[in-house]
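All ligand and atom numbering here is 1-based and tracks the order in the structure.
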Amino acid sequence: MINTRMAVCKARRYVVKIGSALLTNEGRGLDRAAIQGWVEQIVALRTAGIEVVLVSSGAVAEGMKRLGWQHRPVALHDLQAAAAVGQMGLVQAYESYFQQHQIQTAQILLTHDDLIHRKRYLNTRSTLRTLLALGVVPVINENDTVATDEIKLGDNDTLGALVAVLIEADLLVILTDQEGMYEADPRQCPEASLIRMAFADDPRLLSMAGAEGGALGRGGMITKVKAAARAGHAGTATLIAWGRKEQVLTRLAAGEEIGTLLLPTTATETARKQWLASHLRVRGRLYLDAGAVQAIREAGKSLLPVGVVSVSGEFQRGAMVSCLTPEGEEVARGLVNYSATETQRIAGLPSQRIVERLGYVDEPELIHRDNLVLV
Ligand code: GLU
């Protein structure tokens, strides 16, 4: 049993996504007892050394209850207003249950655009990594006031995948109101059997997934399969499981064969670096000294400002830049943490002196090794 679930047992960083249908008491607002149950399981995971980022829906449903609405409105602006009202109750519930275990939470509201825009991507990534390092549990939802992607389609399945890719999670757990994914829709074919394991990019999954979502949230299996494929491209495994199963999170972490596991076909590091190398245009050049070339090429280190001799091109934080030897040979490419103007000002300086020169520090590295690909 454990062998087939090796990817889950070894996972040390989870994104746990909880959908609206699970979080709400059949339309009567948030199911606080259920939330308390998941919080306790997440606390147990953390005690076992697993980092957890929560992606939680439920804002629209809680907002509808608070506003006394019986039926989900169709107008997007009504849904957005409900989400804004309900988000208050959602974070309040998580905060109070985590605080019973002396764990701090952080609210993060994101849009898909935030994760496509390079500068915001880096900002979000460094905030999330800092929160995890501080032992905080980030609670993420879509920023429904400014974006409507998940309200319209996804119920945060896509957002869960984007966050998993962003923080290089080992596992994306999508908790839902079904045991997992079936070969056919179990509401129409009660005989259909549960898929225990598959590759996330298996094209047959989409046709098996059917189409519809519930009345309270969007989603449905299709968006989950697409989310798993997206996560899989970055090397993250996805597990779809029934969120109300007793101790579902701690049991799956122990290797129990629960739900549907959708495995990535590429290793995380390779996937991420392939993506970096192929998807972005080079916006500038950094000429390095020999020491820096050696540090990144042979020792797998990050690029620090101290190793940069000169800078060319116009670029912003988050842009892809090329790193060259003093002779002009390209050694690496990566996402730069400072703009061209800032890089010029801190080139040659030890990282402790960035603050003195700029008045602030984004990162001690000019390019973090996770965002650097050797050429
Ligand atoms: N972000 C939304 C929420 O938290 C998505 C779910 C929905 O559309 O109901 O409520």
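Between Arg317 and Glu363, at least one side-chain N (NZ, or NE/NH1/NH2) sits under 4.0 Å from a carboxylate O, which counts as a salt bridge.
Distances shorter than 4.0 angstrom do not occur between any heavy atom of Ala83 and any atom of ligand 1. Put simply, part of Arg72 is less than 4.0 Å from ligand 1, judged by heavy atoms.
Using a 4.0 Å cut-off to heavy atoms of Asn141, the atoms of ligand 1 that qualify are 1 (N), 3 (C), 4 (O). Near Ile151, the atoms of ligand 1 lying under 4.0 angstrom from a non-hydrogen atom of the residue are 8 (O).
The number of heavy-atom neighbours closer than 6.0 Å to CZ of Arg369, taken from other residues, nucleotides and ligands shown, is 12 or below. Within 6.0 Å of atom NZ in Lys119, 12 or fewer heavy atoms from other residues, nucleotides or ligands are found, so the atom counts as exposed in its surroundings.
With a 4.0 Å heavy-atom cut-off, ligand 1 is reached by the side chain of Asn156 but not by its N, CA, C or O.
A donor and an acceptor atom, one from each side chain of Thr265 and Asp201, are located under 3.5 Å apart. No side-chain donor-acceptor contact under 3.5 Å links Glu95 and Thr105.
Inclusion of Ala59 in the set of residues having an N or O under 3.5 Å from an N or O of ligand 1 is warranted. The N/O atoms of Asp144, backbone and side chain alike, include one that comes under 3.5 Å of an N/O atom in ligand 1.
A donor-acceptor distance shorter than 3.5 angstrom exists from the side chain of Arg46 to the backbone of Gly135, with no hydrogens or angles considered.
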